[in-house]
Every structure is written in C-alpha cells, then in structure tokens.
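The structure under discussion appears below in the form of structure tokens.
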Amino acid sequence: MPIKVNNLSYIYLPKTPNETKALNNVSLEIPNGQITAIVGHTGSGKSTLIQTFNQLIKPSSGFVNIDDKFVVESSKKKNKKIKDLRKYLSIVFQFPEYQLFEETVEKDVAYGLKNFGLKEPEAIIKAHEALKQVGINESFYLRSPFELSGGEKRRVAIAGIIVLDPQIIVLDEPTAGLDPEGSKTILDLILSLKKEGKTIILVTHDMNIVQSYCDNVVVLNKGELVFQGTPSELFSTDVSRFSIEIPPLYAFCQSLKQKGLNLDISKIQSIEDLMSQIKEKR
Amino acid sequence: MNNLTFGRYSPYDTFVHRLDPRTKILMMILLMVAIFLQIPTWSTTLILSGLVLLFLVIVMITSKIKIKDFFKSLSAMWIMIILLIIVYVFIPNPNYNPAHIVFKIGTYGVNYDAFYQGGYIILRLVLMVMLTMILTSTTKPMDLTYALEWYMTPLKLVKFPIHIVAMTLSIALRFIPTLLDETNRIIKAQASRGVDYNTMNPIKKIGSLLSLIIPLFVSAINRSEELSNAMEARGYDPYGKRTRYRKLSFRWIDLIAFIVVLAIFGGILTLRIMVACGYNVDLIYWIFGAKPLF
Ligand SMILES: Nc1ncnc2c1ncn2[C@@H]1O[C@H](COP(=O)(O)OP(=O)(O)OP(=O)(O)O)[C@@H](O)[C@H]1O
Ligand SMILES: [Mg+2]
C-alpha cells in the first residue's frame, strides 16, 4: 500500500468566520501500481485531500504515509525530505495550463528537472521524451507555450510533471474542458503510465472514466470518506445518495442482466468487453 | 503568504461593521488629520497619541480584528522603521537642542531629540496602519467604492467620469482576493515542479518569482479580457444611468460614532490652534502643575 491516509482532517482558515472543515477524519488506503479514482460532489474535499499527499498543505490532524518512505503530518517541524517527496509524488493540478511560463515549450517542460538539479542539455533531452509521450509534435518544441491551444497546453503541462518521473502521479480533473479526442489522449497516456508501473490517482467527476479506466474508487462526501472499493462495487450500491450517476454502459449491462443475460459486469470496462462477453454466451 | 491577506474584509456583525462606509471614510480622514497635527513638547504628544492609540485598540477589539494580525502586518514594516531611526539619528538637524546630546560618535553628537522625532514618526505610521486596517477589515470593498463614488458626486459638475472611476476601482478591489487565490494556486502548482519559494539563493529566488509572476500576469490579462467581453455582451454602457440594489443610508449609530470621533479631532485641533495662538500647551503642566520637562 503506497499511500495510507490516517484520520486526516483539514480546516481552512481556522478560528475565523470563514472556517471550513474540508476533510473530516478521513482514513483510506491507495494500492500500488493501479489507477485509483477520487470522486465526490463539488466541494467535497478532493483537491484538499490530494494536496496533503505532497505536503502542499499540512493536515490539521492525522497523517499521510507515502510508501513508508515519507510521512506528512500536522507537526510544525520542517520536513527535510520535502523535495524528495515532491519528486516521488507529483500533482498535476486542475487547469495546469496556467502554470506555463517559459519562452519555449521544451524549456517549460525541462523547468522542473532543473529545479531538481539536472543540467540543461540532459534536461532538454528528457523533456523531448516526455513531450513525445504526451503526443506533442516536434514542431512545437521551440514555440511559445502561450501560442498553443487549450488541449495542447494541458498536455505540455502534464509533460512538465511526468518528465520528473515520479512514482506516484496525481491528476486533478485532467480532462475537464477538453474535447473527447483530447480527453482520450490524456486517458491513454494515463494507461501507459500505469503499464510502466506507476501509481495513478485521478480526481474526476466523470463516471465513464471511473468505469473504463480505474481499478479502485474512493468517494468523498462533505469531507468524509463514504465509500472505498472497485468501480463495479460502487455502481452496484445505491449511489444516488452521493449524487453520483451510474454510467450508461453500466446501466445498460445491468438491464441486460435483469432481462436474463448472464453477464459478469465487474469485468466490463468498455463496449468491446461487453461484446466479447455476449459473443462467448452465444 | 499570510501577511498578504492583511486588512482583508472579515464578515462579522459588529458596531463598526454596521456603520455606513461614508461615515467610516470621513472618520478615518478626521483621525488621520488629528494624528498629523504637530503639537510641541513630547509629553503632550505622547499623551495625545497614547489616547488615540487606546481608542483605536478598543475599536479593533470591538470589531473583532485580531491584534496578532496587526503585529504581523507591522513586522513587514520593520526595515522601514530601522531606516527611519537611522535617518533621524544620523542626519544633523540645527533645531535639536545641543543640551540633549546623549553620547558622541567621534565628533558627531547623537541627540535625544532625534529619537523623539523618529519615534514620533513611527508612532504616526503605526496609527495610520491601524486606521486603514480597521477600515478595510470592517467594510466590504464594494461598499468602499460606493462611498467613494458618493464623495465624488460633486465632481459630476465638471464632467468628471465618476462612474467609470468607481467601476474601475470596484473591479480592482473585487479582484484582489481572486488574484491572491490565483497566486496560491500557482505557488502550489510550481511547488509540485520543485520550485522552492523560500530559497535564500538570490538567483534561484528571481527564477522562482518569475515562475509565479508570469503565469499570474497571463491569467490576470485573460481574466480582464473575459470580463470586458462579458460586460460588453450584456450591453454595459459606462455612461448609462443606473439604479442600485443596495442603498447606503446614514443611521443614528453613524451619528454616535461620528460625534465620538469629532470630539477627539476637535480636542486635538483646539490644542493645535491654542499653540498657534501662542499658548503654552503642556498637558503635564496643566494636570500636575509641574514644569514642562523639555
Ligand atoms: N483556499 C481555500 N480557502 C478556504 N476554503 C477553501 C479553500 N479551498 C477550498 N476550500 C473549501 O474547502 C472545501 C473543499 O474544497 P476542495 O477544493 O477540496 O473541493 P473539491 O472536492 O476539490 O471540489 P471540486 O470538485 O469543485 O474541485 C470547499 O467547501 C471549499 O469551499
Ligand atoms: Mg477540486
């Protein structure tokens, strides 16, 4: 278990009239080498939770244990390993295109590497590799990141994180505001990262993504953990109380099953899976 | 990061919060003038400033401003305070009484009066900071601009575009918290890329600040463009006549507060006028019948 969250609480602006309890005694575990989704209504504390993972914010109480290598806790004392932690577990924020600032695309991607002490020529070479991985064409390398389209910017920003080669990658709504094709590029990238053995944590509102791409799912509601398990376990319970909608594919399989077709819904992640199961039955 | 939020509006419901913003602005101006009226003899100055200080502290406590936040904002000023002291102590001033030399550095005599002058300026600065902090943390930015717009109404006669100025001002004020949130967001995103904003290495520091400032400007410019497009799309006309949802109104609590502040202002002004007319204004002398100390 790489990430153990233990009785974690976080309060924004404590002791002021705007005090918000964003996380309340959350305990959960996120397994290694898999894709875990964090879902929940807007304002349920998802972004807050992931920010504690690499100590961008310190918990008000409780702690997070990352792979038994790092511990993020509420104590005031300085964490000397914080830079290593941020290299081990990196976060791609919501709308990461806003963090671009260098003159050229390749320089921007290499920027993180330089912060971690790598020198220019090697950093640029690695940047090219990362850009290739996210599907950015060579002709873009020397252009200004501000001239790119929204989806291209997003991919460059993601390249800026995966170039650091973190073991755990956290993505906060990476597909928000992208067209279906742009979303697919990013989701395929996530799958290829999983194949490399990385642990992926994905914050999302899209249950189709949860069903088709994720191995585990964690549901937060008003700062509290309300569910942890596999996507099909989640959809087979009464999800309307978490204001989650069952994805159409799952609903479709469910009604097929009700009509007498013997399907193993937990194994169905895509239309292709469904078709092959139907073919087997014939 | 936290000292940037100094003076941010905090939504309590206290006496000062309920006052009309126009009253608050007028009272602030009166108190600022009172603070800057110079009255000879340091003992009198000290007593008067002390009274104003006491008054402001009481106002701060009743309007639930944390004294701790105030000290935090002062700590950002300490360099200025030290510079002021140095300037006052080491620049010779013929008005200083040569009898008040405390000690000598070489042939230069460090004068007691210099400390008094420097300290007095710092005291005034502190009082000014307190005043602005009280105003901004008890008044919504929007209400502040409404109040300013109201005070600018006479300028309409000379065709001054008060509505445009007020609108610009309120948009600017409205976006301060947004920009602060944005700053926080970018800091977190860049920290994930290994940027260390607490570094002491000056070259690295400049680099890390660039990684913050450029995205901040880009997003601010994008935002302003979006906002102006949205305003235009809704048919905003800066010269149009408009009514307002929330009307400002003076109430009896404004009168009470104003009378209290006017009394303080009037008292100090009276003393100042007496000085101008050649009276000896020394509170210690008046109260204790003792001789003026300096
Ligand atoms: N910087 C902040 N200051 C004060 N309160 C905050 C801050 N950031 C978040 N909150 C509050 O904390 C709660 C949880 O916010 P969080 O951003 O973690 O939600 P989220 O689950 O990521 O929502 P979304 O799906 O909209 O991104 C919300 O009620 C929010 O208003
Ligand atoms: Mg969020």
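Residue numbers begin at 1 in each chain, while the letters A, B, ... track the order of the sequences.
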Part of A:Lys83 within contact of chain B (heavy atom distance under 4.5 Å)
side chain
Taking everything shown except A:Glu147 itself, do over 12 heavy atoms lie less than 6.0 Å from its CD?
yes
Heavy-atom pair count under 4.5 Å with chain B, highest-scoring of A:Leu113, A:Ile91, A:Val92:
A:Ile91
4.5 Å side-chain heavy-atom contact, A:Phe146 and B:Val218
yes
Part of A:Gln51 lying under 4.5 Å from any heavy atom of chain B:
side chain
Are more than 12 heavy atoms from other residues, nucleotides or ligands located less than 6.0 Å from atom NZ of A:Lys114?
yes
Which heavy-atom pair separates A:Ser90 from B:Ser192 by the least distance, and what is that distance?
OG-O, 4.0 Å
Side chain from CB out, backbone as N, CA, C, O: work out which of these in A:Phe93 comes under 4.5 Å of a heavy atom of chain B, or both, or neither.
side chain
What I'd like to find out is whether the side chain of B:Leu212 reaches to under 4.5 Å of the side chain of A:Phe101, using heavy atoms alone.
no
Relative to chain A, which of B:Gly194, B:Ser10, B:Ser219 shows the most heavy atom pairs under 4.5 Å?
B:Gly194
Determine whether more than 12 heavy atoms belonging to other residues, nucleotides or ligands lie under 6.0 Å from atom CG of B:Leu54.
yes
Can you confirm whether more than 12 heavy atoms, excluding those of B:Phe217, are under 6.0 Å from its CZ atom?
no
Structural part of B:Lys66 lying under 4.5 Å from a heavy atom of chain A
side chain
Is there a donor-acceptor contact under 3.5 Å from the side chain of B:Gln190 to the main chain of A:Gln99?
yes
Per-residue contact mode, A:Asp108 against chain B (heavy atom under 4.5 angstrom)
both
Flag yes if more than 12 heavy atoms outside B:Lys205 fall under 6.0 Å of its NZ atom; otherwise flag no.
yes
Please determine if B:Asp196 and A:Arg86 form a salt bridge, counting it only when a charged side-chain N lies under 4.0 Å from a carboxylate O.
no
With a 4.5 angstrom heavy-atom cut-off, which part of A:Ile161 approaches chain B: side chain, backbone, both or neither?
side chain
Going by heavy atoms in the side chains, are A:Asn18 and B:Pro11 under 4.5 Å from each other?
yes
Within a reach of under 6.0 Å around CD of A:Glu19, are more than 12 heavy atoms found that belong to other residues, nucleotides or ligands?
yes
Measure A:Ile57 against the heavy atoms of chain B and call it side chain, backbone, both or neither at under 4.5 Å.
side chain
Between CD1 on residue B:Ile214 and CD on residue A:Glu102, distance to nearest 0.5 Å
7.5 Å
A:Lys126 atom NZ, over 12 foreign heavy atoms within 6.0 Å:
no
CG of A:Asn115 to OG of B:Ser211, rounded to nearest 0.5 Å, is 7.5 Å
